[in-house]
Amino acid sequence: MLDLFADSDPWEEPLAPGAVILRRFALARAEALFQAIDAVAKISPFRHMVTPGGYTMSVAMTNCGALGWTTNERGYLYSPIDPLTQHPWPAMPAAFSALCHEAAVAAGYPHFQPDACLVNRYAPGAKLSLHQDKDEPDLGAPIVSVSLGLPAVFQFGGLRRNDPLKRLMLEHGDVVVWGGESRLFYHGIQPLKPGVHPLAGEYRYNLTFRQASDSE
Ligand code: SIN
Ligand code: FE2
């Protein structure tokens with residue numbers, strides 16, 4: 001069968017003001033990224049965090065970098081210590097930093113310096129309800145989000161929860177970058193459909209890079 005995209009380079013799709021999808025941007029490096037995910041999860045295992053409201057999240061999560069996103073009874077926070085291991089989160093793997101930097105440059109954010117990477121793992125049925133990424137003190141820094149493994153439907157709205165939603169399939173290797181005017185836009189992931197991916201098995205993974213400390 002003729003596959004029009006078989007040897008094509010990544011391509012860009014505008015998403016919103018300040019936001020772009022870099023289709024297949026991470027594809028050529030996926031195996032190295034999976035090795036790095038395994039190395040991170042050996043130190044800080046995937047776990048299902050419990051929201052302050054007492055709800056166990058369907059997405060399994062871990063982090064790497066100086067700070068990690070986590071929950072406790074009082075709210076959501078970035079912590080230098082993994083509450084599960086009581087040790088610092090693993091360092092950001094070089095394969096992660098390099099990819100994130102290149103994606104940020106391609107999207108027009110050459111000065112982005114992430115100090116946190118949340119690693120999400122979706123099993124069939126797992127979802128992330130519509131939310132804003134607003135736990136970061138410096139909203140001048142964008143979000144860089146890398147999709148690996150099984151495809152999922154990404155919802156991207158506006159500043160208000162009930163603004164109209166775009167629904168886009170995010171596939172293995174796709175990178176979404178949002179910042180500027182769309183930095184606080186609502187977004188989410190619809191329940192994952194079952195499937196098998198040659199590198200990721202029955203899962204979808206997502207790497208979300210953030211600047212979680214204040215840049216003075
Ligand atoms: C997130 O909103 O933090 C994750 C989005 C995704 O899994 O693509
Ligand atoms: Fe998010």
Side-chain angles (χ1 to χ4, degrees), residues 13 15-16 18-27 30 33-34 37 40 46-49 51 55 57-65 67-71 75-78 89 96 99-100 103-104 107 112 114-139 141-161 163 165-180 182-193 195 197 200 202-212:
E13 287 174 19
L15 178 60
V20 66
I21 309 182
L22 308 172
R23 293 286 188 189
R24 313 298 187 267
F25 194 88
L27 186 59
L33 296 173
F34 279 118
I37 292 172
V40 165
F46 283 100
R47 81 291 306 266
H48 293 272
M49 296 183 187
T51 67
Y55 164 82
M57 300 182 75
S58 58
V59 179
M61 297 174 170
T62 183
N63 289 274
C64 59
L67 294 167
W69 185 88
T70 186
T71 63
Y76 305 109
L77 66 154
Y78 282 98
W89 300 100
F96 280 23
L99 169 69
C100 178
F112 181 44
D115 51 16
C117 178
L118 173 67
V119 185
N120 293 316
R121 188 183 69 191
Y122 297 74
K127 66 176 169 69
L128 207 55
S129 309
L130 214 56
H131 67 279
Q132 294 170 294
D133 292 356
K134 58 176 184 190
D135 302 319
E136 302 75 28
D138 185 347
L139 296 172
I143 301 285
V144 172
S145 169
V146 180
S147 292
L148 295 166
L150 291 178
V153 178
F154 181 58
Q155 304 170 313
F156 200 74
L159 281 175
R160 285 164 306 187
R161 182 176 285 280
D163 281 338
L165 297 174
K166 287 184 178 155
R167 287 186 178 76
L168 307 128
M169 190 65 93
L170 292 183
E171 295 188 53
H172 180 63
D174 289 350
V175 179
V176 186
V177 182
W178 65 96
S182 55
R183 176 61 179 74
L184 286 177
F185 279 17
Y186 276 90
H187 58 278
I189 290 284
Q190 288 182 192
L192 190 80
K193 292 224 165 65
H197 185 274
E202 298 179 350
Y203 294 112
R204 170 180 187 262
Y205 292 85
N206 168 262
L207 313 174
T208 311
F209 296 90
R210 297 100 185 267
Q211 183 194 312

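First listed ligand is number 1; within each ligand, the first listed atom is number 1.
Here the N, O or S atom of Asp133 that is nearest to the Fe ion (ligand 2) is OD1.
Using a distance-only test at 3.5 Å, with no hydrogens or angles considered, a donor-acceptor pair links the side chain of Arg183 to the main chain of Ala141. With hydrogens and angles disregarded, no donor-acceptor distance shorter than 3.5 Å links the side chain of His172 to the backbone of Leu150.
Checked against a 3.5 angstrom limit, the closest N/O atoms of His131 and ligand 1 fall inside it.
Close contacts of ligand 1 with His187, meaning ligand atoms under 4.0 Å from a residue heavy atom, involve 2 (O). Atoms of ligand 1 found under 4.0 Å from any heavy atom of Leu128 (numbered from 1 in listed order, with element): 1 (C), 2 (O), 3 (O), 4 (C). Heavy-atom contacts of Asn120 reach the following atoms of ligand 1: 3 (O), 4 (C) (cutoff under 4.0 Å).
More than 12 heavy atoms of other residues, nucleotides or ligands shown are found within 6.0 angstrom of CZ on Phe112.
Rounding to 10°, one obtains 90° for the angle at the Fe ion (ligand 2) between NE2 (His187) and NE2 (His131).
Comment: Arg23 does not engage Glu171 in a salt bridge, judged by the lack of any side-chain N to carboxylate O separation of less than 4.0 angstrom.
Remark: the Gln155 side chain and the Gln190 side chain contain an N/O donor-acceptor pair separated by less than 3.5 Å.
Trp178 has its side chain within reach of Ser145: a pair of non-hydrogen atoms, C-beta onward, lies under 4.5 Å apart.
Looking only at heavy atoms of the protein, atom 7 (O) of ligand 1 is closest to Tyr122 OH, 2.5 Å.
One option in Arg210, Lys127, Arg204 has a heavy atom closer to atom 8 (O) of ligand 1 than any other, and that option is Arg204.
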